[in-house]
Amino acid sequence: MARVLETFFRHKALILLPTLLLPIVVGAIAFAAPVPYESAAGIWVERATYLSFGDEFERWLTPAQHQTNRLNELLRTRSFLTDVVLRSPLANGLANERGREEIRQLFAEGLTVEPAGEHLLTVRFRAATPELAQALVNAVIETFQVKVAEDRTAQAQLAISFYEARLRAADEELRRAETELRRYVAGAPASSIRPGGSVSAVVLDPQLSELQRRADYATSDAERARSLLDQARLEVSASQQGQELGFQVVDRAELPSTPTRQLRRTLMFPLAGVLGGIVLSALLLVLLVAADRSVRSRFELEESLGVLGVIPRLKARGLTSRVGAVAVRRGIAFVGGASLPAGPTTSLRA
Amino acid sequence: MNAARASWLRAMRNVSTTASDRRWLLRGGDELFRGMYTRAGVAQSGTIAVCSALPGDGRTTLSVGLALTLAQDHPDRRVAVLETDLMHPVLAADFGVAPAPGLVDALLDQVPLREVYRGTAFDNLRLIPSAGPTDEPERLLRTHRMAAIVTELRSDFDLVIMDTPAVLSNSDAQLVTRLADSVLFVVRAGSASDEEIDTALAQIDRQKLRGVVLNAAHSSVPGWIRKVFGL
């Protein structure tokens, strides 16, 4: 402890320099850095009402959480990000790899997508200029809107294609069944068999009964398929018209007029500078203590040696250290006849 | 300690080089050296070698301080300071006396030993400057003549204080300490490292070592903090 204190007070200016200097430097850099502008938009979202084949987990997410997750995932893809950037003033940055990297960095640091309620989604962007912040928010929203619409359209097309194919198959089966029935009836004796004739004729002829049964089944199957197709078309039409309600920009991105006040910048950077400076100062102190292997006090001398006494340091002000040492020695010896190195103006201090 | 330093400043300001009123400029300086020789137990008679690990540690300051205090406290005893550092002599210049003839001349048998004694402000204190620098100091100190000189000094003086060269600078200090009855070791604060001190002490006969003096001690820690931590 004695050695640590001694080293600290001996070099206190040097040791305290990082603690004093670093917060000033860090604070100056933080305040000198351009203050960003933030623009934000609010979007109202609803859960999809059809073809929602998500897993059970999605039932527990609110529509806003669901869409937030979806948007954040999309933003991790190159293609979606490219689509966003192409709708913004940064489109030229995509020409080279460095520009693309800077854009990725800009989005990573500046864009925030988070739910602000069950149905409300907030998109914020911090950028160097207010115009850029607003343009990027709008670009993200537009691209996402288009993406959502495209996804819904694709799913709708898939459903309609499925039911159309099913209807075609049912119609084909119906035509085949009716053709077989007509052929059979045409080839049977004219007096006994008529399609739709007396019950006794159909019952008496099992083959006719089977053909009739097939025809009836194919007819009902075709009707069912037609009904499902009509229902799918109706749902798709309704949902596509209603998607505007399911994804609605309720608060458009505005042009920010003042920079964003960031508490972190104001408080945390200088505080971090102080902490960093303290760590550096402590390291410096440790290094200086370790580097000083000399004896500084009587307590550092071995007890076995026996300390006879301590002569205090007597410095000569205004003289070089060499001449000062001579002055001190002669000052001690003065009583015995030694001569001092200079005239009456010589002064020594402790 | 602070009062002593303050008086040092005032004294050095007010003194002139031609002052006939000789006094201790460091207040309490005589008591400081008195305590050292008392604890070392070297006040009676014999030869005392003062050495250190590195040059500039304060051997001459301690040698002269002890000699002056002993001479002042014991006017009935004859005290001498022998400068054995043949490469870096300072005594003659300090006391304003002729550097030659000195120890070198006595070792070369060119002059009798008594002719190299120099007087001081104390009647019972003499100086023997080295008269160096010389080309072959180690050769001179290894001669039988050196041992004979020390023997002769023992007969002329009750107490002989030998200011030796730095132990780690050359081997002359070892030669001189072998001729002494007691050895005092000086450590300058902030100068030699623990390893250098240990190396120097290893070259000295520990049976003769009477103790260590810490020179130029200074603490940068404020007094109230030292009180709080019990330093």
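Keep in mind that this is a model prediction, so the values were computed, not measured. Lettering of chains follows the sequences in order, A, B, ..., and the numbering in each one begins at 1. Values below: all heavy atoms of this structure, side chains included; hydrogens, waters and symmetry mates excluded.
Separating the CD1 atom in B/I225 from the CD atom in A/E6 is a distance of 11.0 Å, to the nearest 0.5 Å. Note that CZ of A/R296 is 9.5 Å distant from OG of B/S191, once rounded to the nearest 0.5 Å. In this structure, CZ on A/F8 lies 11.0 Å from OG on B/S220, to the nearest 0.5 angstrom. From A/I332, atom CD1 reaches atom CG of B/D94 across 11.5 Å, with rounding to the nearest 0.5 Å. Here B/R188 contributes atom CZ and A/S294 contributes atom OG; the two are 11.5 Å apart, rounded to the nearest 0.5 Å. How far CD of A/E300 is from CD1 of B/I197: 9.0 Å, rounded to the nearest 0.5 Å.
A heavy-atom distance below 4.5 Å is found between the side chains of A/R329 and B/V90. In this structure, B/Y37 and A/L308 have side chains that are not in contact, with every pair of non-hydrogen atoms separated by 4.5 Å or more. Counting heavy atoms from C-beta outward, A/P312 and B/H218 have side chains that stay 4.5 Å or more apart.
Closest approach of B/A121 to A/V335, counting heavy atoms only: CB-O, 3.7 Å. Counting all heavy atoms, side chain and backbone alike, B/V64 lies closest to A/A333 at CG1-CB, 3.4 Å.
Proximity to chain A is absent for every atom of B/E196, based on heavy atoms less than 4.5 angstrom apart. For B/A192, the part lying near chain A is the backbone, with the side chain staying farther off; criterion is any non-hydrogen pair under 4.5 Å. In this structure, the portion of B/L201 lying under 4.5 Å from any heavy atom of chain A is its side chain and not its backbone. Of the two parts of A/L301, only the side chain, counted from C-beta on, holds a non-hydrogen atom closer than 4.5 Å to a non-hydrogen atom of chain B. Heavy-atom distances place the side chain of B/L68, and not its backbone, under 4.5 Å from chain A. Looking at B/A93, the atoms closer than 4.5 Å to chain A (heavy atoms on both sides) sit in the backbone and in the side chain alike. In this structure, chain A has no heavy atom under 4.5 Å from any part of B/F185. With a 4.5 Å cut-off on non-hydrogen atoms, B/V187 touches chain A through its side chain but not through its backbone.
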B/V213 and A/V310: CA distance, side-chain angles, deciding distance, side chain to side chain contact (heavy atoms under 4.5 Å, CB included) verdict:
CA-CA 6 Å; B/V213 173; A/V310 176; over 6 Å; no
Check: Step by step, would you call B/M36 with A/I311 a side chain to side chain contact (heavy atoms under 4.5 Å, CB included)?
Finding: CA-CA 10 Å; B/M36 290 181 198; A/I311 301 174; 3.5 Å; yes
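Looking only at distances, no side-chain donor or acceptor of A/R293 sits under 3.5 Å from a matching main-chain atom of B/D194.
More than 12 non-hydrogen atoms from other residues, nucleotides or ligands lie less than 6.0 angstrom from CD of A/E114. Open room surrounds CD on A/E254; 12 or fewer heavy atoms of other groups in view lie less than 6.0 Å from it. Around the CD atom of A/E97, the shell of radius 6.0 Å holds more than 12 heavy atoms that belong to other residues, nucleotides or ligands. For B/D123, the CG atom sits in a loose shell: 12 or fewer heavy atoms of surrounding residues, nucleotides or ligands are nearer than 6.0 Å.
Annotation: maximal heavy-atom pairing with chain A below 4.5 Å, among B/E195, B/R39, B/R206, occurs at B/R39. Options B/T38, B/T61, B/L209 differ in how many heavy-atom pairs under 4.5 Å they form with chain A, and the most are formed by B/T61.
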